[in-house]
Amino acid sequence: MPLSQAFRHITFARLSLLLSAVALLTPPRLAAQGAPSPASTAAPAQKPVPWYESFRIRGYGQIRYNRLLESNPQFQCEQCDRSWGDLGGFFIRRARLIVQGQIHPQVFIYLQPDFASAVGTTGNVAQLRDWYVDLGVDPDNAFRFRVGQSKVPYSYENMQSSSNRLPLDRADATNSAHANERDLGLFFMWAPKVARARYAELATGTGKGSGDYGVFTVGAFNGQTANRADANNNQTLVARLSYPFRIGNQLVEPGVAGYRGQYTVTAEQRSAGVKGRSDWTYADERALVQLNLTPRPFGLLAEYNVGRGPEYNPARDSIETRSLRGGFVTATYQLKRGTQVFFPFVRYQVYDGGKKHERDARSHTVNDVEFGVEWQPNPKFELVTEWYQGNRRFEDKLRPRWEQRGRLLRVQAQFNY
């Protein structure tokens, strides 16, 4: 072989070896063109979503005026709406801002302050309504613990957001159980995936749902109502069972609930000289039945509860443990006209018993009827016009004989954001 050919042969062999080595050391994306490597065809890895990007911010606000066609300025309801009656005017009923987030597949956080709360005679004060964490036990979160301040799982209407409820105020009979519907405690909830999907379905649009508080729930809470410390070293126990059955296009949810504990009428809740137990602590227990029919198009919500709790007795000028009973029924019909939605409704309610969180555990007798219509021209704005009339007795030490009849036209504008 000529020397020149031998040199070219050796050089070519060395060059082939060098290229082979470079190909082995070069990452697939820099390799010579040809068949793509398996690594180059794999889908890019998904980056985990930072926890702070899992949060959602939303809220709603309500502005009211209650004195149209008012017949009696002394016809009032402290727990319902402080702007009823004499010296009432335009009133910011709620100004809510909600921050919520699924920061982990099994950890959910919910925070809700209200910027329209009242402290004494001062209104529009920021106050905590909800702060709780849901901790899932299983991957589907069918079993979960809720710890923090949240709504007590007792009444459907109590659990229903004020942004969804049709009547402007909650019924006295069930809302008298817990002021602001909330307390601080620990709750265990169970709901299968199908039930949770139905709760989510009712939480959007015009479902008028109550939220997901579980199919079966048990828990313990302080018992002195929201934003108040325990006053008697006894936690209140609660249990609730309900299920949303689908019947055609309708969802029907029957349920039962009950709680048992003790309530202490603290010094700031009592008038000077009023009589009562030496420790001012009273049995506080109730049982409730409910039936809810989603408005598609006809809707119905009925609840009734019985029990006993602290109540002022005018005959003895004393706070005593007395029986209570009462309930309500609300009927509605959903009408759609293009993009607009109308909910005409009517509610009848009765209640005979005390309101433990009012002064001297004020004694009440309520027999009221209201009817009106909610108009939703778009999802961000709602207008409710409601006619209210009834007979209310509300007595404490300062007003041992106080009964008023009245009627009024109420208007509320709600903004969803």
Side-chain angles (χ1 to χ4, degrees), residues 58-98 112-130 151 157-158 160-172 174-176 178-182 225-227 328 330 343 345 347 349 355 357-359 362 364 366 368-377 380-390 392 394 396 399 402 404-417:
R58 61 185 179 90
Y60 67 97
Q62 298 171 342
I63 298 178
R64 293 183 180 177
Y65 188 74
N66 292 309
R67 307 202 66 184
L68 296 172
L69 304 178
E70 180 185 71
S71 67
N72 180 3
Q74 301 303 317
F75 182 70
Q76 300 172 339
C77 178
E78 177 182 306
Q79 183 181 356
C80 305
D81 187 333
R82 293 176 182 266
S83 67
W84 274 31
D86 191 32
L87 302 181
F90 289 102
F91 183 64
I92 300 177
R93 182 63 177 91
R94 292 176 178 87
R96 303 288 176 87
L97 186 65
I98 302 166
Q112 179 179 212
D114 186 7
F115 296 91
S117 297
V119 177
T121 59
T122 302
N124 301 330
V125 176
Q127 190 178 73
L128 183 68
R129 282 293 176 264
D130 298 280
K151 289 184 177 179
E157 191 183 64
N158 278 10
Q160 188 180 41
S161 170
S162 298
S163 62
N164 290 334
R165 190 185 62 254
L166 288 169
L168 293 187
D169 297 306
R170 292 182 170 90
D172 294 67
T174 47
N175 198 222
S176 56
H178 307 104
N180 295 316
E181 306 82 53
R182 295 163 169 87
T225 71
N227 299 317
F328 70 92
T330 303
F343 286 96
F345 66 90
R347 179 172 74 180
Q349 64 163 325
K355 290 191 179 181
H357 45 268
E358 294 187 359
R359 176 161 295 277
R362 189 172 289 134
H364 286 260
V366 179
D368 291 356
V369 64
E370 56 200 296
F371 57 89
V373 60
E374 177 184 281
W375 171 45
Q376 298 181 14
K380 299 302 180 182
F381 175 69
E382 301 175 14
L383 183 68
V384 177
T385 303
E386 175 187 282
W387 178 258
Y388 197 109
Q389 66 181 45
R392 288 178 170 266
F394 40 107
D396 54 36
R399 297 182 296 188
W402 194 261
Q404 301 292 332
R405 298 175 182 267
R407 56 185 181 274
L408 62 156
L409 182 65
R410 313 177 68 194
V411 181
Q412 173 182 280
Q414 176 173 304
F415 306 91
N416 305 312
Y417 42 85

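This is a predicted model, so every value here is computed, not measured. Side chains included, hydrogens not; waters and symmetry mates left out as well; all remaining heavy atoms used.
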Query raised in the report: Rounded to the nearest 0.5 Å, what separation is found between the CZ atom of Phe328 and the OG1 atom of Thr174?
Result: 5.0 Å
Query raised in the report: When you measure from the side chain of Gln349 to the backbone N and O of Thr330, does any donor-acceptor pair fall under 3.5 Å?
Result: no
Query raised in the report: Is atom CZ of Arg58 surrounded by more than 12 heavy atoms (other residues, nucleotides or ligands) closer than 6.0 Å?
Result: yes
Requested in this report: Could you pull out all residues at least two apart from Asp169 that satisfy side chain to side chain donor-acceptor pair (under 3.5 Å)?
Outcome: Arg64, Arg410
Query raised in the report: Thinking salt bridges, do Arg359 and Asp396 make one under a 4.0 Å N-O criterion?
Result: no
Report summary line: The side chain to side chain contact (heavy atoms under 4.5 Å, CB included) partners of Ser162 (sequence neighbours excluded) come to Tyr60, Gln62, Arg94, Arg165, Arg170
Query raised in the report: To the nearest 0.5 Å, what is the distance between CZ (Arg96) and CZ (Arg129)?
Result: 5.5 Å
**Report entry** Beyond-backbone contact of Cys77 with Gln404, side-chain heavy atoms, under 4.5 angstrom
**Finding:** no
Report task. Could you tell me which non-hydrogen atom of Pro167 sits nearest to which non-hydrogen atom of Glu386, and how far apart they are? Result -> CA-OE1, 3.5 Å
Requested in this report: Could you tell me whether Asp130 and Lys151 have a side-chain N and a carboxylate O separated by less than 4.0 Å?
Outcome: no
Query raised in the report: Should Gln76 and Arg392 be marked as a side-chain contact (heavy atoms from CB on, under 4.5 Å) after you check the CA-CA gap, both sets of side-chain angles, and the distance that decides it?
Result: CA-CA 8 Å; Gln76 300 172 339; Arg392 288 178 170 266; over 6 Å; no
Query raised in the report: Are side-chain heavy atoms of Phe75 and Leu408 found at a separation under 4.5 Å?
Result: yes
Query raised in the report: Regarding Asn175 and Glu157, is there a side-chain donor-to-acceptor distance under 3.5 Å anywhere?
Result: no
Query raised in the report: Around Phe90, counting heavy atoms of other residues, nucleotides and ligands shown, do more than 12 lie under 6.0 Å from its CZ?
Result: no
Report summary line: Applying side chain to side chain contact (heavy atoms under 4.5 Å, CB included) to Phe115 and not counting sequence neighbours gives Ala95, Leu97, Pro113, Ala126
Query raised in the report: Parallel, tilted or perpendicular for Phe381 and Trp375, by the 30°/60° rule?
Result: perpendicular
Report summary line: To the nearest 0.5 Å, atom CG of Asn158 lies from atom OG of Ser176 at 8.5 Å
Report task. Not counting sequence neighbours, which residues clear side chain to side chain contact (heavy atoms under 4.5 Å, CB included) with Gln389? List them please. Result -> Val369, Trp387, Arg407
Report task. Evaluate the side-chain proximity of Arg405 to Ser71: yes if any heavy-atom separation is below 4.5 Å, no if none is. Result -> no
Query raised in the report: Between Leu87 and Arg67, what is the shortest heavy-atom contact and its length?
Result: N-NH1, 3.4 Å
Query - Considering all heavy atoms, the nearest Ser117-Gln127 contact - result: OG-CB, 3.4 Å
Requested in this report: Go through the steps for Asp172 and Cys80 under the test side-chain contact (heavy atoms from CB on, under 4.5 Å), then give the verdict.
Outcome: CA-CA 8 Å; Asp172 294 67; Cys80 305; 4.0 Å; yes
Requested in this report: Keeping the roles fixed (side chain from Glu374, backbone from Leu383), state whether a donor-acceptor pair exists under 3.5 Å.
Outcome: no
Query raised in the report: Do any N or O atoms from the side chain of Asn180 and from the backbone of Arg182 form a donor-acceptor pair under 3.5 angstrom?
Result: no
Report task. Using a strict cut-off of less than 4.0 Å between a Lys/Arg side-chain nitrogen and an Asp/Glu carboxylate oxygen, indicate whether Arg362 and Glu78 qualify as a salt bridge. Result -> yes
Requested in this report: Over all heavy atoms of both residues, which pair between Gln74 and Phe394 is shortest? Give the atoms and the distance, please.
Outcome: O-CZ, 3.7 Å
Query - Listed partners of Glu382 passing salt bridge (charged side-chain N to carboxylate O under 4.0 Å, His left out), at least two apart - result: none
**Report entry** Test side chain to side chain contact (heavy atoms under 4.5 Å, CB included) applied to Leu68 - qualifying residues, sequence neighbours left out
**Finding:** Tyr65, Leu409, Val411
**Report entry** Any side-chain donor near an acceptor of the partner, Gln414 and Asn416, under 3.5 Å
**Finding:** yes
Report summary line: Smallest heavy-atom separation, Leu166 atom then Phe345 atom, equals O-CZ, 3.7 Å
Query raised in the report: How about Val384 and Val373: do any of their side-chain heavy atoms sit closer than 4.5 Å?
Result: no
Requested in this report: Check whether the ring centres of Trp84 and Tyr388 lie less than 6.0 Å apart, and answer yes or no.
Outcome: yes
Query raised in the report: Does Arg93 reach the side chain of Arg82, with side-chain heavy atoms less than 4.5 Å apart?
Result: no
